[in-house]
Amino acid sequence: MQTTLSNINVKDILKKANLKITPQRILILEVIKEKGHATIDDIYNQVKKQYPSISIATVYKNIHNLYEKGVLREINPQKDKAFYEITIYNHSHFICTSCHNIYDIEPCDNQIIQQCFKEIPGKISELELNVYGICENCAKK
């Protein structure tokens, strides 16, 4: 069974990453869990509602630590701010160039990619793929 955002426990994620469980980290992960993909500004604005004295530097530091421990993945759309998501399984992204929404898509099999790119001088262990286009909602406009 594939893990989804709805059935993850952020405290368990922090424990597995050997990170201290703090109210700020829990809330940061809960915000990302709720949004799916969030910028640091999105995260900061939500966390600040519950912790008005929190600084943006604290949010940056926590995001960096969570990223370094592999808890978060960074998505860097072209010409946009980085988005963060909780690392639950390997997948790719479709990014709408009109509304900038990010959609999770199932990744291609690494063997297929290996066959497509014969020049790869080794075995693929991880694939990060962003596909750009116009989403269905924007196409209807």
Side-chain angles (χ1 to χ4, degrees), residues 1-139 141:
M1 181 178 88
Q2 191 168 16
T3 304
T4 62
L5 281 177
S6 61
N7 62 11
I8 64 167
N9 181 308
V10 297
K11 288 181 183 178
D12 290 343
I13 290 172
L14 292 169
K15 283 179 193 173
K16 287 178 188 173
N18 292 318
L19 286 166
K20 186 175 178 183
I21 299 172
T22 66
Q24 293 85 357
R25 284 186 179 151
I26 291 169
L27 188 55
I28 286 169
L29 288 175
E30 288 292 346
V31 168
I32 297 170
K33 178 181 171 180
E34 180 185 321
K35 291 185 169 288
H37 308 96
T39 65
I40 287 182
D41 290 339
D42 294 334
I43 298 162
Y44 173 68
N45 290 332
Q46 288 297 113
V47 171
K48 192 159 181 67
K49 290 177 184 176
Q50 197 159 341
Y51 295 101
S53 63
I54 197 166
S55 70
I56 188 114
T58 300
V59 173
Y60 270 102
K61 179 182 166 197
N62 278 286
I63 294 292
H64 177 75
N65 289 339
L66 293 165
Y67 174 77
E68 288 294 312
K69 289 286 194 168
V71 172
L72 297 179
R73 282 180 63 190
E74 187 177 72
I75 306 160
N76 287 304
Q78 298 172 338
K79 302 177 189 170
D80 261 346
K81 294 180 178 185
F83 285 78
Y84 294 88
E85 70 179 353
I86 297 173
T87 306
I88 55 171
Y89 69 99
N90 192 22
H91 60 276
S92 300
H93 298 98
F94 175 81
I95 301 167
C96 180
T97 55
S98 180
C99 67
H100 307 285
N101 281 336
I102 299 174
Y103 303 89
D104 292 343
I105 54 176
E106 292 302 313
C108 294
D109 185 282
N110 287 349
Q111 291 177 344
I112 294 170
I113 299 297
Q114 191 81 40
Q115 291 171 359
C116 290
F117 299 101
K118 299 287 186 196
E119 306 85 38
I120 295 173
K123 184 178 177 190
I124 296 171
S125 61
E126 187 176 336
L127 175 65
E128 187 173 308
L129 176 67
N130 291 334
V131 178
Y132 296 87
I134 304 293
C135 71
E136 287 182 59
N137 291 335
C138 291
K141 295 178 185 176

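Keep in mind that what you see is a predicted model, and the values were worked out from it rather than measured.
Looking only at distances, a side-chain donor or acceptor of T87 sits under 3.5 Å from a matching main-chain atom of G70. Formation of a donor-acceptor pair under 3.5 Å by the K33 side chain with backbone atoms of I8 is found in this model.
Taking CG of L14 as the reference point, atom CG of L29 lies at 5.0 Å (rounded to 0.5 Å). Distance NE2/H100 to CD1/I102: 10.5 Å, rounded to 0.5 Å. Distance check: C96 SG to I134 CD1 gives 5.0 Å after rounding to the nearest 0.5 Å. Here the NE2 atom belonging to H93 is positioned 3.5 Å from the CD atom belonging to E85, to the nearest 0.5 angstrom. Interatomic distance, CD of E74 versus CD1 of I40, reported as 8.0 Å (0.5 Å rounding). Here the CG atom belonging to L19 is positioned 7.0 Å from the CG atom belonging to N65, to the nearest 0.5 angstrom.
Residues I63 and L72 meet the side-chain proximity criterion, which asks for heavy atoms closer than 4.5 Å. Between I21 and V10 there is no side-chain heavy-atom pair separated by less than 4.5 Å.
Across all their heavy atoms, Y84 and I32 have their closest contact at O-CG2, 3.6 Å. Of all heavy-atom pairs between Y44 and S55, the closest is CE1-C, 3.7 Å.
By the neighbour-count criterion of 12 heavy atoms within 6.0 Å, atom NZ of K61 is sparsely surrounded, having that number or fewer from other residues, nucleotides or ligands. More than 12 non-hydrogen atoms from other residues, nucleotides or ligands lie less than 6.0 angstrom from CZ of F94.
In this structure, a donor-acceptor pair under 3.5 Å is present between the side chains of H37 and D104.
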